[in-house]
Amino acid sequence: MGFPLLLVLRFRYKLIQNLSGENEKLYLSVVVIEPALPMDKHLSEWKHSVELIWSAAAPDYGEAACLAAEIARASTEAILRQAATQALPILRSASSEDADHSTTDAARRRLGVIREVLHTLTTPTFGKRENSPKSLTSEERYRQMLGLPHGPRLSAPEIHQAWKRAAKTAHPDGGGSTQRFQELSAARDALIREVRLARLS
């Protein structure tokens, strides 16, 4: 089901003189109807492009990397820019011909994060209008940093594997930065700590 279009009516009036040159009158001459899109045009285009890549039997990670670079550069949504920026290195790695299975898996997860964010941003909300988008919890932010999906319960080995994949590009030796590597390690430790606490309770 598509979104309803909001219509903007613009009335234009014209002064028309009759044949004798007398009795000028103001007549309604044109009604222009323009569709007002219910969401940002770029967001809907990006969402469509991500869905095409996502649904392909063999996703084109080169195309996904180009799309992520465009989103990171042009999006006005901070959360979307962040998701695209974080996905870019692994998408580029996955686009090479010698990319291994773990790299393409990690790239798909990162693309999934972009897809989730776009879905959230383009889904219409009904009822009370929120002044600002819901901010991520610490756990959601940590999962996003490691390319892990939101929602399902995780195990410590899953978290550690995700950290290892993300750390390959975040480590200074892999072209990343010390700060980024430390942030990922802190995210891993926090998520593993939560798993252990949940097991004890």
Side-chain angles (χ1 to χ4, degrees), residues 3 39-125 133-155 157-171 174-177 180-181 183-188 190-191:
F3 297 111
M39 67 180 81
D40 183 274
K41 186 180 176 189
H42 288 297
L43 292 179
S44 59
E45 288 174 356
W46 290 333
K47 181 183 177 185
H48 178 70
S49 299
V50 166
E51 289 297 339
L52 287 177
I53 297 167
W54 181 264
S55 60
D60 183 343
Y61 290 112
E63 187 180 339
C66 290
L67 182 60
E70 181 188 339
I71 292 170
R73 179 180 41 78
S75 177
T76 57
E77 300 287 344
I79 189 169
L80 182 57
R81 277 199 316 274
Q82 181 184 16
T85 302
Q86 290 176 356
L88 201 47
I90 194 69
L91 290 173
R92 284 178 175 152
S93 297
S95 67
S96 71
E97 290 181 13
D98 59 342
D100 60 12
H101 186 65
S102 64
T103 302
T104 55
D105 277 353
R108 184 162 178 84
R109 276 195 301 278
R110 285 291 184 174
L111 186 62
V113 171
I114 296 174
R115 184 173 172 252
E116 281 181 23
V117 173
L118 280 166
H119 180 73
T120 302
L121 292 173
T122 56
T123 301
T125 54
K134 180 186 166 228
S135 58
L136 295 174
T137 65
S138 297
E139 182 183 351
E140 288 170 337
R141 195 169 64 253
Y142 297 148
R143 284 175 180 246
Q144 193 175 69
M145 287 171 69
L146 296 176
L148 290 163
H150 295 280
R153 184 172 290 190
L154 300 168
S155 66
E158 283 177 306
I159 295 165
H160 188 69
Q161 282 299 318
W163 171 80
K164 280 174 72 176
R165 282 189 293 270
K168 283 180 185 175
T169 54
H171 195 278
S177 66
R180 179 73 184 138
F181 182 74
E183 287 171 356
L184 287 175
S185 299
R188 174 203 58 190
L191 288 174

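Along the sequence shown, the residues carry numbers beginning at 1. Here the structure is a predicted model, which is why all the values come from computation and not from measurement. Side-chain atoms are counted along with the backbone in the values below, which use heavy atoms only and exclude waters and symmetry mates.
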State the [atom1]-[atom2] distance between [X] and [Y], to the nearest 0.5 angstrom.
| X | Y | atom1 | atom2 | result |
| --- | --- | --- | --- | --- |
| L118 | W54 | CG | CH2 | 12.0 Å |
| R153 | E158 | CZ | CD | 11.5 Å |
| I71 | C66 | CD1 | SG | 11.5 Å |
| S155 | Q161 | OG | CD | 9.5 Å |
| I114 | I79 | CD1 | CD1 | 12.0 Å |
| H101 | T103 | NE2 | OG1 | 10.0 Å |

> Just one of M145, K164, H160 clears the side chain to side chain contact (heavy atoms under 4.5 Å, CB included) bar with R188, so which one?
Replying inline: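 So, applying the side chain to side chain contact (heavy atoms under 4.5 Å, CB included) to R188 and each of M145, K164, H160, only H160 qualifies.
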Give me the atom names and distance for the closest heavy-atom approach of [X] to [Y].
| X | Y | answer |
| --- | --- | --- |
| A106 | R165 | CB-CD, 3.6 Å |
| S44 | T122 | N-CG2, 4.4 Å |
| L111 | A64 | CD1-CB, 4.3 Å |
| A94 | A99 | O-CB, 3.6 Å |
| K47 | H119 | NZ-ND1, 3.9 Å |
| T137 | E140 | N-OE1, 3.0 Å |

>> Applying side chain to side chain contact (heavy atoms under 4.5 Å, CB included), can you list everything that pairs with A170, at least two apart in sequence or on another chain?
In response: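 Testing A170 for side chain to side chain contact (heavy atoms under 4.5 Å, CB included), a comparison that skips the adjacent residues, returns R180, L184.
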>> Test side-chain contact (heavy atoms from CB on, under 4.5 Å) on E139 and L191; report intermediate values, then the result.
In response: CA-CA 7 Å; E139 182 183 351; L191 288 174; 3.6 Å; yes
> Heavy atoms, side chains only, cut-off 4.5 Å: are L43 and L80 in contact?
Replying inline: yes
> Is there side-chain contact between R92 and P89, with at least one heavy-atom pair below 4.5 Å?
Replying inline: no
> Where do V117 and E77 land on the side-chain contact (heavy atoms from CB on, under 4.5 Å) test, with the steps shown first?
Replying inline: CA-CA 10 Å; V117 173; E77 300 287 344; over 6 Å; no
> What residues, two or more places apart in sequence or in another chain, satisfy ring-ring contact (aromatic ring centres under 6.0 Å, His included) together with H48?
Replying inline: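 By the ring-ring contact (aromatic ring centres under 6.0 Å, His included) rule, H48 matches no residue at all.
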>> Would E70 and S49 count as a side-chain contact (heavy atoms from CB on, under 4.5 Å) here? Give the steps.
In response: CA-CA 12 Å; E70 181 188 339; S49 299; over 6 Å; no
> Side chain of R143, backbone of L148: donor and acceptor closer than 3.5 Å?
Replying inline: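 No; zero donor-acceptor contacts below 3.5 Å.
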> Which residue pairs satisfy the salt bridge (charged side-chain N to carboxylate O under 4.0 Å, His left out) criterion with at least one member in residues 104-122, sequence neighbours excluded?
Replying inline: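 Residue pairs with at least one partner in residues 104-122: E51-R115.
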